[in-house]
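If you're wondering where the values come from, they're calculated on a predicted model, not measured in any experiment.
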Amino acid sequence: MISIQQQETVAAPAGGPPLTSSAPGGTSPATPAYDQFTALLAQRHSCRGFRPQPLPRELVTRIVATAGRSASWCNAQPWHVHIVSGAALEGLRTDISARAHSGAAATPELDWPLGYEGVYRDRRRACGWSLYEAVGVGKGDRDASTRQAMENFHFFGAPHLALVTSPALLGTHGVMDCGAWVSNFLLAASSLGVGAIAQAAVASWPDILRQHLPIPDDRHIVCGISFGYEDPDHRANHFRTARADLDEIVTWVE
């Protein structure tokens, strides 16, 4: 039986909506954890310029272990990640960059979006133009925009790459669970002063990835995450994306 408990409006964190408590007796919840979490979300951003020095193994382990606490359907925990560094990463960076520069069509194992329309197209364009403005790419400069796009396959100079895979048998549910893992990896990294960026582009050519990494045939390649210490002087790290207002993303039904 589900009981309906008293709700009480409580003071909101700065800039946030009022909070309500459904605790027995209407006891107000503590807010420090909420404040810390929202601050972390606001702090996190996609890093597109890294320092070359590698992270200590212990630091990488902490990030991965924290992401492993992610929720998943039936607690299946379908994610498996290859952490690629050092000479192994340089070999992969060389080969995947060469494929990208060849103009070969991407052949990902998971379907990419069929297209961006309406507000999704607008948000995508706003992100792209903000990046181009930050790095000095003018509108219509195809050569410069292509060079910036190729940075995806250089992993933006990151010293580490996490390649995320999911069991093919779990289909969409497995991929959704991996999305939760990726999000928590990014937040854990940010909380520890590590820059990171999730990249669908890394999954463009599974054949190259499988040449370099021991990925079983019964797993789908979901995405990559380039990570390392952020280069604060890199111009690509000097812009931030906006977030939609609540009335754009929520429909209240009562």
Side-chain angles (χ1 to χ4, degrees), residues 32-72 75-97 151-167 174-203 208-216 219-234 236-238 240:
Y34 175 84
D35 292 343
Q36 292 169 3
F37 182 62
T38 55
L40 180 58
L41 283 170
Q43 162 190 310
R44 190 214 64 80
H45 63 278
S46 293
C47 178
R48 294 179 173 85
F50 295 88
R51 294 175 176 172
Q53 62 265 40
L55 303 176
R57 172 67 67 87
E58 179 185 83
L59 183 55
V60 177
T61 299
R62 290 180 66 187
I63 295 169
V64 175
T66 298
R69 301 297 306 174
S70 300
S72 60
N75 197 35
Q77 303 174 62
W79 44 80
H80 185 88
V81 58
H82 291 77
I83 304 293
V84 195
S85 310
L89 180 60
E90 293 312 311
L92 176 57
R93 196 187 326 254
T94 296
D95 286 353
I96 202 168
S97 292
E151 284 299 308
N152 279 283
F153 306 105
H154 298 150
F155 312 134
F156 300 105
H160 306 283
L161 174 73
L163 190 74
V164 184
T165 68
S166 179
V175 175
M176 284 194 296
D177 288 342
C178 287
W181 187 94
V182 169
S183 180
N184 286 327
F185 181 100
L186 299 175
L187 289 173
S190 184
S191 74
L192 292 169
V194 173
I197 181 171
Q199 296 178 260
V202 172
I208 292 179
L209 297 171
R210 292 180 184 279
Q211 287 171 13
H212 287 262
L213 305 173
I215 304 170
R219 300 190 69 87
H220 281 153
I221 298 170
V222 178
C223 69
I225 306 173
S226 295
F227 66 103
Y229 291 122
E230 179 173 342
D231 179 357
D233 297 324
H234 197 291
N237 292 328
H238 291 177
R240 299 291 182 267

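- Across every non-hydrogen atom of Ala198 and Val182, the tightest pair is CB-CG1, 3.8 Å.
- For Gly224 against Leu163, the heavy-atom pair with the smallest separation is CA-CD1, 4.2 Å.
- A donor-acceptor pair is defined here as one N or O able to donate and one able to accept, closer than 3.5 Å; no such pair exists between the side chain of His45 and the backbone of Ala196.
- Within the 4.5 Å cutoff, the side chain of Asp95 has heavy atoms near those of the His212 side chain.
- Smallest separation of non-hydrogen atoms from Pro78 and Gly174: CG-O, 3.7 Å.
- Of the inter-residue distances, the one linking Ser226 atom OG with Phe153 atom CZ reads 11.0 Å to the nearest 0.5 angstrom.
- Once rounded to the nearest 0.5 Å, the distance linking CZ of Phe227 with CD1 of Ile197 reads 13.5 Å.
- A pairwise comparison of heavy atoms in Ser72 and Ala76 identifies OG-N, 3.2 Å as the closest pair.
- The distance from atom CG of Leu55 to atom CD1 of Ile63, rounded to the nearest 0.5 Å, is 6.0 Å.
- The side-chain hydrogen bond (donor to acceptor under 3.5 Å, both in side chains) pairs that include a residue from residues 78-91 are Ser85-His160, Glu90-Arg93, where partners are two or more places apart or lie in different chains.
- In terms of modelled atom types and a separation under 3.5 Å, the side chain of Arg210 and the main chain of Ile215 share a donor-acceptor contact.
- Proximity of Cys47 to Asn237: side-chain heavy atoms (C-beta onward) are separated by under 4.5 Å at one or more points.
- The structure places CG of Leu92 at 8.5 Å from OG of Ser97, a figure rounded to the nearest 0.5 Å.
- Listed by first then second residue, pairs satisfying side-chain hydrogen bond (donor to acceptor under 3.5 Å, both in side chains) with a partner in residues 46-64 number zero, not counting sequence neighbours.
- With sequence neighbours left out, Pro52 forms a side chain to side chain contact (heavy atoms under 4.5 Å, CB included) with no residue at all.
- Side-chain contact of Thr165 with Arg219: a donor-acceptor pair under 3.5 Å is present, judged by distance alone.
- Here CZ of Phe156 is found 5.0 Å from CD of Gln199. Values are rounded to the nearest 0.5 Å.
- In this structure, the separation between CG on Leu59 and OH on Tyr229 is 5.5 Å, given to the nearest 0.5 Å.
- Here the closest heavy-atom approach between residue Pro159 and residue Pro54 is recorded as CB-CA, 4.0 Å.
- Identified under the side-chain hydrogen bond (donor to acceptor under 3.5 Å, both in side chains) test for residues 176-186, with sequence neighbours left out: Ser70-Asn184.
- In this view, Asp233 and Asp231 satisfy the side chain to side chain contact (heavy atoms under 4.5 Å, CB included) rule, not counting sequence neighbours.
- Between Val202 and Ile96 the shortest heavy-atom distance is O-CD1, 3.6 Å.
- Under the ring-ring contact (aromatic ring centres under 6.0 Å, His included) criterion, His154 pairs with His101, not counting sequence neighbours.
- Checking side-chain atoms of Gln43 against main-chain N and O of Ser190 turns up a donor-acceptor pair under 3.5 Å.
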